[in-house]
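Here the structure is laid out as structure tokens; the discussion comes afterwards.
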There are 2 protein chains.
Amino acid sequence: MSAAESAVETIQREMTIFARRARASAGRMHPELSLVSYTLLGHLEERDGCRATDLAGHYALDKSTVSRQVAALERAGLIERRLDPEDHRVQVLHLTEAGREILAQVTRSRRSAFRERLANWPEEDLVRFAAYLERYNAGPGGTGAV
Amino acid sequence: MSAAESAVETIQREMTIFARRARASAGRMHPELSLVSYTLLGHLEERDGCRATDLAGHYALDKSTVSRQVAALERAGLIERRLDPEDHRVQVLHLTEAGREILAQVTRSRRSAFRERLANWPEEDLVRFAAYLERYNAGPGGTGAV
DNA sequence: CACATCAAGTTGTACTATACAACTAGAACG
DNA sequence: CGTTCTAGTTGTATAGTACAACTTGATGTG
């Protein structure tokens, strides 16, 4: 096996380990915010509000799934729905102040966990690793290479 | 923000994207084998058989979860249980011939998906990326930096 | 304009993966 | 022995998900 082939094997194995761990710890990571909720809130912050359908499309989730997630986030007071005056079928979702705070808090705690994990890496390696990950994720998706 | 800090941000973001995708596609990846089942079969192959408790410990799953997964895999004819003659509480799990085949098949299809995704990477980058991932995963776990 | 079609969301239902707790059966050790 | 430990199963509950059926509003065409 060539060096390239064996590197591909390693990447596959390590990505799989990572995915499994992420899955296992997703629910326990932050009691107040699952990985999905966190991602959705992050999207709302980044876009400054969007529709449920956009979330579903962007994250490849069924609209019913998003509908329930959104309902839960609203019940928790983290987001609010504003009827689009242009189109009354549409609800534009926005973070509330509480939602913004929780999101920032979870982001901080996640960031510090990552920092800790990467604490001893030389800057050069961090930069290269970051670039590789971006490149990997930007590649053609949906092939199951997860 | 320093280059190192911004690299850590990127790593966090990209790892999260990856984890979310993995999660979303886990169930659809291979109709015949979920990510968890695949991982468990892989472990059995690697160790040439082990106990359910070992699987639970190694993958941080509850023993009841493993028990049901194992039951499903046995029903599907992919593994078999052999009573440990030394200790009648213990069932040693082994791949069956069918299990070995399915595992090999899924491994092949996953590998080809990874290969495709990484097809245009220069060997040097593959080797470095693989090393970074190994290093990342080998770090202290369980902090939520997933 | 009226009806057909499309789009956004909700709700009913079902399934999978998971955890925790209570239990059974066997082992180990005093 | 009997107590305590260990391996595994089963009951129960929850989260996240999908698919299908439905409601409501928008759009476009004869």
Side-chain angles (χ1 to χ4, degrees), chain A residues 19-41 44 49-76 79-94 142 146, chain B residues 19-41 44 49-76 79-94 142 146:
Chain A
R20 183 175 44 66
R21 278 203 198 146
R23 196 183 172 106
S25 71
R28 297 165 241 165
M29 188 166 43
H30 300 285
E32 65 275 282
L33 224 51
S34 74
L35 184 58
V36 173
S37 302
Y38 174 76
T39 308
L40 297 183
L41 288 191
L44 289 186
C50 76
R51 305 177 307 159
T53 296
D54 299 336
L55 294 175
H58 195 263
Y59 295 111
L61 292 168
D62 192 79
K63 58 189 178 162
S64 66
T65 301
V66 172
S67 174
R68 288 181 232 262
Q69 290 284 335
V70 161
L73 289 171
E74 190 190 31
R75 267 197 307 280
I79 66 177
E80 61 184 16
R81 322 188 195 206
R82 302 185 196 151
L83 257 173
D84 183 340
E86 310 273 286
D87 184 340
H88 280 204
R89 290 170 306 179
V90 171
Q91 302 169 0
V92 184
L93 308 173
H94 288 271
V146 121
Chain B
R20 182 176 43 65
R21 279 201 198 146
R23 195 181 175 108
S25 71
R28 298 165 241 164
M29 189 166 43
H30 300 285
E32 63 274 283
L33 223 50
S34 74
L35 183 58
V36 172
S37 302
Y38 175 75
T39 308
L40 298 184
L41 288 193
L44 289 186
C50 75
R51 306 178 306 158
T53 296
D54 298 337
L55 294 175
H58 196 262
Y59 296 110
L61 293 168
D62 191 80
K63 58 189 180 162
S64 65
T65 301
V66 172
S67 172
R68 287 182 232 263
Q69 291 283 337
V70 161
L73 289 171
E74 190 190 30
R75 267 198 306 280
I79 66 177
E80 61 183 17
R81 323 189 196 205
R82 303 189 194 147
L83 257 173
D84 184 341
E86 310 273 287
D87 183 340
H88 279 204
R89 291 169 305 177
V90 171
Q91 302 167 1
V92 184
L93 307 172
H94 287 271
V146 127

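Within every chain, numbering begins at 1; the chains are lettered A, B, ... in the order of the sequence lines, protein sequences first and strands thereafter. These numbers come from the heavy atoms of this one structure, side chains and all, not from hydrogens, waters or symmetry mates.
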Find the distance between CG (B:Leu44) and CZ (B:Arg51) and round it off to the nearest 0.5 Å. 13.0 Å
How would you label the contact of A:Asp62 with the nucleic acid (heavy atoms, under 4.0 Å): base, sugar-phosphate, or nothing? base
Side-chain donor or acceptor of A:Arg89 under 3.5 Å from a matching atom on the base of D:dT24? no
On DNA chain C, check which nucleotide each of B:Lys63 and B:Gln69 is closest to and give me the residue with the more 5' one. B:Gln69
The reported gap from CG in B:Leu83 to CZ in B:Arg89 (rounded to nearest 0.5 angstrom) is 12.0 Å
Interatomic distance where CG belongs to A:Asp84 and C1' belongs to C:dA7 [whole Å]: 13 Å
For C:dA17, take OP1 and OP2 only and decide whether either is under 4.0 Å from a side-chain N or O of B:Thr65. no
Let me know the distance between CG of B:Asp54 and C1' of D:dT6, rounded to the nearest Å. 12 Å
Would you mind classifying the nucleic acid contact of A:Arg68 as base, sugar-phosphate or nothing, using non-hydrogen atoms under 4.0 angstrom? base
For the pair made of CG in B:Leu61 and C1' in D:dG8, what is the distance, rounded to whole Å? 15 Å
May I have the distance from B:Gln91 (atom CD) to C:dT24 (atom P), rounded to whole angstrom? 18 Å
Residue mapping more 5' on DNA chain C - nearest nucleotide basis, B:Pro85 or A:Asp87: A:Asp87
Taken to the nearest 0.5 Å, the spacing of B:Leu40 CG from B:Leu55 CG works out to 5.5 Å
Could you walk me through whether A:Ser37 and A:Leu73 pass the side chain to side chain contact (heavy atoms under 4.5 Å, CB included) test, one step at a time? CA-CA 8 Å; A:Ser37 302; A:Leu73 289 171; 4.0 Å; yes
Using heavy atoms to find the nearest nucleotide of DNA chain D for A:Ser64 and A:Ser37 separately, return the residue whose nucleotide is more 5′. A:Ser37
Rounded to the nearest angstrom, tell me the gap between atom CG in B:Leu55 and atom C1' in D:dA7. 13 Å
Closer than 4.0 Å, any side-chain N/O of B:Ser67 to the OP1 or OP2 of D:dT9? yes
Taking OH from B:Tyr59 and P from C:dA19, how many angstroms apart are they, rounded to a whole number? 15 Å
Length of the line joining A:Arg81:CZ and C:dA8:C1', which is rounded to integer Å: 12 Å
Using only side-chain N and O atoms of A:Ser34, determine if any of them is under 4.0 Å from OP1 or OP2 of D:dG16. yes
Assess, by modelled atom type and distance only, whether the side chains of A:Ser67 and A:Ser64 contain a donor and an acceptor separated by less than 3.5 Å. no
Spacing between A:His88 atom NE2 and D:dT27 atom P, to the nearest angstrom: 11 Å
Heavy atoms under 4.0 Å, any strand shown: does A:Thr53 hit a base, just sugar-phosphate, or nothing? sugar-phosphate
